[in-house]
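Just so we're on the same page: letters track the sequence lines, and every chain starts at 1. All figures in this text were calculated on a predicted structure; none of them were measured in a lab.
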Amino acid sequence: MACEEELVPASPLNFGQVYTTLERLQRDGLVGHEVVNQAERPDKKVYALSAEGRRQLHEWLATPSPPETDPRHETALKLMLARRLAGADPLKVVAAERRAGFERLREASQARARARKEKTPLATVLFLDLAVLQLEAFLKWLDHCEELLRKES
Amino acid sequence: MPTDPKTAVEVREVTKVFGSGEARVQALAGVSLAVARGEFVAVMGPSGSGKSTLLHLIGALDVPTSGSVRVGDDDLGALNDDRLTLLRRRRIGFVFQAFNLLDVLTAEENVALPLELEGRADARAGAAEALALVGLSQRRAHLPGQLSGGEQQRVAIARALVMNPLLLLADEPTGNLDSSHGDQVMALLRGLADERGQTIVMVTHNAAHAALADRLVRLRDGLVVEQLSLTRAGEPREECGE
């Protein structure tokens with residue numbers, strides 16, 4: 001698969017899923033295939049975008065992605081409930097989330113450091129940078145929550 | 001008091017007050033912290049939390065108002081100024097955000113300085129070795145102005161290591177660097193801890209860089225509020241609570 005090495009190493013492609021997706025795209029007229037004879041091995045199918053598939057792909061590239069911020073973010077919900085539930089402490093929620101956040105950030109930061117060292121394809125580095133920056137933002141947000149919660153208490 | 005040979009730094013009940021009266025600022029309000037030999041500790045906290053003050057006290061750049069600081073076998077409070085100067089020169093390496101290299105000296109001359117202060121005849125050879133350690137042998141004849149920020153910081157790290165110090169103290173070592181050079185400097189520090197067992201205490205604002213240390217110490221209002229042991233790949237998970 002041409003793109004496989006550019007995808008995040010931690011999420012390998014599921015080939016079964018790739019083929020069912022290709023079949024669905026073919027049914028919808030977005031890709032076509034031709035059979036190529038091979039001397040030593042079984043014939044293979046080579047898939048290619050149809051004109052309509054190419055048009056839809058360009059359209060998708062030009063369309064902004066939907067925002068990923070879910071207003072019902074789980075940590076935000078926990079903080080909201082921990083403020084109201086007797087015996088619960090929102091600062092403990094912050095502490096547990098921070099611990100897990102730093103552990104995930106360590107993994108992401110190590111993966112990025114390895115990628116930089118090993119001349120990994122740019123697209124992979126961009127994925128890893130996104131993971132690091134999102135975790136940094138999450139940890140900053142936790143610091144912010146802690147500050148406001150302490151002011152309130 | 002005999003110290004554990006595995007302990008590089010021991011800070012006990014340290015307070016630090018600057019100024020007096022209305023201008024009185026309590027930078028540290030009773031901090032205790034031990035750093036094992038070979039350990040890489042990151043110190044984080046909001047501005048004014050006392051993290052730089054703590055680093056300065058560990059590095060014998062300032063003295064605590066109360067409490068004690070040990071580096072290796074030395075109780076800093078028991079040393080006179082001459083002994084403190086020697087300790088700073090021989091046992092502690094410093095790395096700062098602003099690199100603090102001398103512009104008119106080449107990379108190798110900068111790195112050789114601590115050895116020359118000691119009157120060592122092998123100063124140039126020692127400097128060349130330290131530059132090789134940070135991967136800058138090819139840049140030894142360059143002036144700081146001819147080097148990238150990341151390279152300048154690596155020269156500063158070579159200078160900090162040239163005396164083979166017990167302890168490397170780094171104050172925002174990646175604060176002046178772009179992300180790619182910052183990552184290079186962090187990879188170097190991590191490698192020094194892993195491959196040479198270098199003890200490192202680093203103050204940083206950068207969470208991704210702090211996450212690469214062995215342990216994270218968080219300060220707030222002059223107190224240690226949280227410590228996280230960060231798991232190393234392949235090692236069993238361990239926790240270190242408040």
Side-chain angles (χ1 to χ4, degrees), chain A residues 8-10 75 79 89-153, chain B residues 40-49 51 135 150 174 177-191 193-194 202 204-221 223-242:
Chain A
V8 184
T75 309
L79 290 177
D89 181 355
L91 288 174
K92 284 194 174 149
V93 173
V94 170
E97 295 283 358
R98 183 182 281 125
R99 176 181 298 267
F102 266 106
E103 280 173 7
R104 287 199 295 272
L105 180 56
R106 180 182 179 82
E107 278 167 31
S109 196
Q110 282 173 332
R112 185 173 68 170
R114 276 195 301 275
R116 284 237 163 93
K117 209 156 123 191
E118 289 163 6
K119 307 264 180 252
T120 309
L122 178 63
T124 310
V125 174
L126 296 180
F127 268 116
L128 294 170
D129 282 339
L130 178 63
V132 167
L133 291 169
Q134 282 180 336
L135 284 164
E136 283 182 332
F138 179 64
L139 287 163
K140 258 187 204 167
W141 176 71
L142 288 175
D143 286 346
H144 174 74
C145 292
E146 180 173 351
E147 196 159 321
L148 295 191
L149 287 165
R150 279 184 194 278
K151 271 187 195 155
E152 181 191 61
S153 62
Chain B
F40 184 176
V41 172
V43 181
M44 288 193 89
S47 301
S49 61
K51 51 194 194 305
T174 61
L177 302 176
D178 64 29
S179 80
S180 142
H181 285 127
D183 283 0
Q184 276 178 22
V185 163
M186 279 312 300
L188 173 61
L189 293 176
R190 187 63 258 179
D194 289 340
M202 171 183 77
T204 184
H205 271 103
N206 187 312
H209 292 166
L212 292 171
D214 300 326
R215 181 157 53 114
L216 176 60
V217 174
R218 287 177 18 92
L219 294 185
R220 160 181 286 276
D221 300 331
L223 290 168
V224 173
V225 289
E226 192 173 23
Q227 298 201 43
L228 297 178
S229 268
L230 298 165
T231 48
R232 282 202 238 186
E235 280 187 357
R237 279 166 183 260
E238 60 170 286
E239 294 207 346
C240 172
E242 286 170 37

Flag for His209(B)-Thr174(B): side-chain donor and acceptor within less than 3.5 Å: yes
Engaged part of Arg112(A) at the chain B interface, taking heavy atoms whose separation is under 4.5 Å: side chain
Test side chain to side chain contact (heavy atoms under 4.5 Å, CB included) applied to Asp221(B) - qualifying residues, sequence neighbours left out: none
Short N-O contact, Arg98(A) and Glu103(A), less than 4.0 angstrom: no
Top of Ser179(B), Pro46(B), Ala207(B) for chain A proximity - count of heavy-atom pairs under 4.5 angstrom: Ala207(B)
Residue part contacting chain B, namely of Arg150(A), when any heavy atom lies under 4.5 Å: side chain
Could you list the donor-acceptor pairs under 3.5 angstrom formed between side-chain atoms of residues 134-141 of chain A and any protein atom two or more places apart in sequence or on another chain?
from: Glu136(A); atom 1: OE2; to: Ala208(B); atom 2: N; distance (Å): 3.4

